[in-house]
Peer 1: 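Right, I'll just put the structure down here and ask away after.
For ligands, and for the atoms within them, numbers begin at 1 and follow the listed sequence. These numbers come from the heavy atoms of this one structure, side chains and all, not from hydrogens, waters or symmetry mates. Count residues from 1 along the sequence.
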Amino acid sequence: MKEPLLIDFGKLGDKETGFISVAQVEKTIPFEIKRVFWIYHTPESIHRGNHAHKQTDQVLIALHGEIKVTLENVRGEQQVYVLSSPERGLFVPCLHWRKLSFSKDAICLSIASTSYEEEDYIREYQEFLALNHHNH
Ligand code: TYD
């Protein structure tokens with residue numbers, strides 16, 4: 001099973017002129033990129049996510065603000081990550097149930113390994129828990 005991983009993109013530039021961070025296949029992104037989307041204007045009271053993917057791997061980056069990501073794998077193990085720097089990303093492999101909460105004005109960039117297909121989503125938590133039952 002693939003494991004979540006924090007990715008350090010580093011940064012180019014300086015305080016006087018500003019910075020660039022780069023996400024590039026085979027350097028900092030561990031899959032071929034098929035899709036990029038971004039999530040913004042999320043109220044602080046909302047939990048997004050609440051799903052897992054059958055195939056899709058993703059890297060999440062808090063371009064602005066702070067994003068709390070709670071991941072659960074098919075063994076039922078949970079981990080919480082706080083993304084608060086545009087220099088940092090979180091690799092979220094397939095088959096990880098995710099919950100995301102956002103600070104005011106947070107912007108989440110998501111880099112994905114697949115094109116959008118609703119069939120790739122597991123949206124029922126019971127269905128996700130059943131994977132655990134099948135695997136062990
Ligand atoms: P979803 O992935 O459920 O968002 P979140 O987990 O952040 O709440 O997507 C929300 C809606 O947008 C859902 O109806 C599917 C649609 N959508 C697309 O059509 N294409 C995409 O690439 C994505 C990510 C979502």
Peer 1: Minimum distance, heavy atoms only, to atom 2 (O) of ligand 1: which one of W38, Y121, F37 is it?
Peer 2: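 The option holding the nearest heavy atom is Y121.
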
Peer 1: Would a 4.0 Å cut-off, counted as strictly less than, catch a protein heavy atom around atom 11 (C) of ligand 1?
Peer 2: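 Looking at atom 11 (C) of ligand 1, one finds that no protein heavy atom lies closer than 4.0 Å.
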
Peer 1: Got more than 12 heavy atoms from elsewhere within 6.0 Å of CD1, I33?
Peer 2: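 More than 12 heavy atoms, drawn from other residues, nucleotides or ligands, come within 6.0 Å of this atom.
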
Peer 1: Evaluate whether atom CD of E26 has more than 12 neighbouring non-hydrogen atoms of other residues, nucleotides or ligands under 6.0 angstrom away.
Peer 2: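 Result for CD/E26: open.
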
Peer 1: Does atom NZ (K54) have a neighbourhood of more than 12 heavy atoms from anything else shown, all under 6.0 Å?
Peer 2: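 Yes.
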
Peer 1: Do ligand 1 and I39 have nitrogen or oxygen atoms that lie under 3.5 Å from each other?
Peer 2: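 No; the residue has no nitrogen or oxygen that sits under 3.5 Å from a nitrogen or oxygen of the ligand.
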
Peer 1: Only heavy atoms of G49, strictly under 4.0 Å: list the atoms of ligand 1 that pass.
Peer 2: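 The list of qualifying atoms is 5 (P), 6 (O), 7 (O), 8 (O).
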
Peer 1: For atom 22 (O) of ligand 1, find the nearest protein heavy atom and state the residue, atom name and distance (0.1 Å precision).
Peer 2: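 Looking at atom 22 (O) of ligand 1, the protein heavy atom closest to it is R35 NH1, 2.6 Å.
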
Peer 1: Looking only at non-hydrogen atoms, which of R48, H47, K34, K99 approaches atom 7 (O) of ligand 1 most closely?
Peer 2: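 Looking at heavy atoms only, R48 sits closest to atom 7 (O) of ligand 1.
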
Peer 1: Using heavy-atom distances, let me know which of H51, R123, R98 sits nearest atom 13 (C) of ligand 1.
Peer 2: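 Nearest heavy atom to atom 13 (C) of ligand 1 lies in R123.
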
Peer 1: List the atom of L71, the atom of Y81, and the distance in Å for their closest heavy-atom pair.
Peer 2: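 Reported closest heavy-atom pair: CD1-CE1, 3.8 Å.
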
Peer 1: Is Q55 atom CD crowded by more than 12 heavy atoms from other residues, nucleotides or ligands, each under 6.0 Å away?
Peer 2: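 For Q55, atom CD is not crowded (no more than 12 foreign heavy atoms under 6.0 Å).
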
Peer 1: Any idea which protein heavy atom is nearest atom 19 (O) of ligand 1, and the distance to it?
Peer 2: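 Result: Y116 CE2, 3.6 Å.
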
Peer 1: Tell me, yes or no, whether the heavy-atom count around H51 atom NE2, taken from other residues, nucleotides or ligands under 6.0 Å, exceeds 12.
Peer 2: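 Count over threshold, so yes.
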
